[in-house]
There are 2 protein chains.
Amino acid sequence: MLHEEVVGRIRAILLDGEIPPGARIPERELCERLQISRTPLREALKVLAAEGLVQLLPHRGSRAAKLTDKDMRDLFEVCQGLEALAGELACERITDAEIDEVAAAHADMVRHYREGDLIQYYRGNRAIHEGIVTAAGNPVLAGLYTSVTARIRRARYVTPMTPERWAVAVREHDAILNALQRRDGVGLAHILRAHLRHKREEVLQAGFAETEANDLVPRIA
Amino acid sequence: MLHEEVVGRIRAILLDGEIPPGARIPERELCERLQISRTPLREALKVLAAEGLVQLLPHRGSRAAKLTDKDMRDLFEVCQGLEALAGELACERITDAEIDEVAAAHADMVRHYREGDLIQYYRGNRAIHEGIVTAAGNPVLAGLYTSVTARIRRARYVTPMTPERWAVAVREHDAILNALQRRDGVGLAHILRAHLRHKREEVLQAGFAETEANDLVPRIA
DNA sequence: TTCTACATTTTTGAATGCAAAATTCTCGAT
DNA sequence: ATCGAGAATTTTGCATTCAAAAATGTAGAA
């Protein structure tokens, strides 16, 4: 198994919440599960620690990182900045074909909204945001976006919404697609920022910060 | 020696250009120099690879990452976004004391400009930009900024400038300080973007991309 | 002389072993 | 029964070791 694959597997385990935030990461257990020895596992944990997904405590092992309210706020703030930048760049560089792809994802998402399928709605939602970032054509930006969004993924794409919030979000997405189609970079940046600000407020209001006993997604194992 | 210290030491070696971009990283040699074995060294290299400073080639070892023109452009683009965001946030949160600190760094920088001391000028310059990022009060943002700027540091803070360019840069910095003192977030964001766009053009024009035989900062060893 | 096939050496990537540190357990005193 | 000191166990972090892969060197053929 390649180094990057090991990192990916553990990242997935953390993002799925299989090892809940704050929980110790069982080295021995993961070694057996991934069929690797401790050396490559520990290399992967150090990388994930640099990404902010894992917390290393010298001589006391590693834990799945826990997000405080402040962390969550900071991450959303940066995410806003990154998406706004991506939106501007995307408007300069996106191809017609790519716009069609985003439009298709949008239509999909709206359908799932009408059907009341939150899970599928979120899937389409993500596809749109990621589509915009990809269209920005900046791999450095895409990389940072991936790493930042990974850390707030569960909060962002799991939080339940009131019908009102949901309706607002969909309207915002209409405006997002519209701005993209008009290639209105400044407008798109503004909408994306507002959209994420609203999402952040929802998440914080829902008390999603991962402090202590807030293991929303329990260990599956 | 602690893990983070090892990472820091190697990072410094790379940023100093002691191991020039594209050069093989001599594991054995670094082990002796840092008085550690290969295990912790390799852990550090993987972390630095995730940061983008090191390139890992499976079964062929690691090299100091080389930046193409495109990489440089992408990094500057992201840096613009991060600094613009930092500027906006800083205007909302900066204390009077912090403004005074930035103003002091600015005065210093201008003095070094008048004296024609490019090295000291760049030092003050960096202090200003970093001061703004710090004042934004967002550690996530600060972390990303650190990692992105590290990769373009040599290009950004080594490139020589024509007297005209230099004069323009100083004027831009006057405007930066002014906007900060007026706490004009939008204005500051705009100026920072333009400032960095100009710097990027300088750097690219100077052909700083680290392709092949372009080891501007030679091995010191 | 130059090119290629093969053997040798070096280097890489990962498993294991070992000392130090932390955690857990035990047992006696209060 | 509870608390705390000390022993036993576990876990961590790193050095070492080992197999596989790549790089290098050598010799023979064209």
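A quick note: this is a predicted structure, and the numbers were derived from the prediction, not measured. Labels below follow one simple rule: chain letters A, B, ... track the order of the sequence lines, proteins then strands, and each chain is numbered from 1.
A search for side chain to side chain contact (heavy atoms under 4.5 Å, CB included) contacts involving Ala50(A) returns Val47(B), not counting sequence neighbours. Scanning for side chain to side chain contact (heavy atoms under 4.5 Å, CB included) contacts around Ala107(B) gives an empty result, with sequence neighbours left out. In this view, Ala127(B) and Ala105(B) satisfy the side chain to side chain contact (heavy atoms under 4.5 Å, CB included) rule, not counting sequence neighbours. Among residues two or more places apart in sequence or in another chain, the ring pair (Phe, Tyr, Trp, His ring centres under 6.0 Å) test is passed with Phe76(A) by none. With sequence neighbours excluded, the residues that form a ring pair (Phe, Tyr, Trp, His ring centres under 6.0 Å) with His195(B) are His129(B), His173(B). Residues that satisfy the side chain to side chain contact (heavy atoms under 4.5 Å, CB included) test with Glu101(A), not counting sequence neighbours, are absent from this structure.
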Any chance you could list the contact pattern along nucleotides 12-18 of chain C? Use B for base contacts, S for sugar-phosphate-only contacts and - for none, protein heavy atoms under 4.0 Å, 5' to 3'.
-> BBSBBB-
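Boundaries of the chain B contact region on DNA chain D are dC14(D) to dA23(D), first to last in 5' to 3' order (nucleotide atom under 4.0 Å from a heavy atom).
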Between side-chain atoms of residues 3-13 of chain B and protein atoms elsewhere (two or more places apart, or another chain), which donor-acceptor pairs fall under 3.5 Å?
{"residue": "Arg11(B)", "atom": "NH1", "partner": "Glu51(B)", "partner atom": "OE1", "Å": "2.5"}
{"residue": "Arg11(B)", "atom": "NH1", "partner": "Glu51(B)", "partner atom": "OE2", "Å": "2.7"}

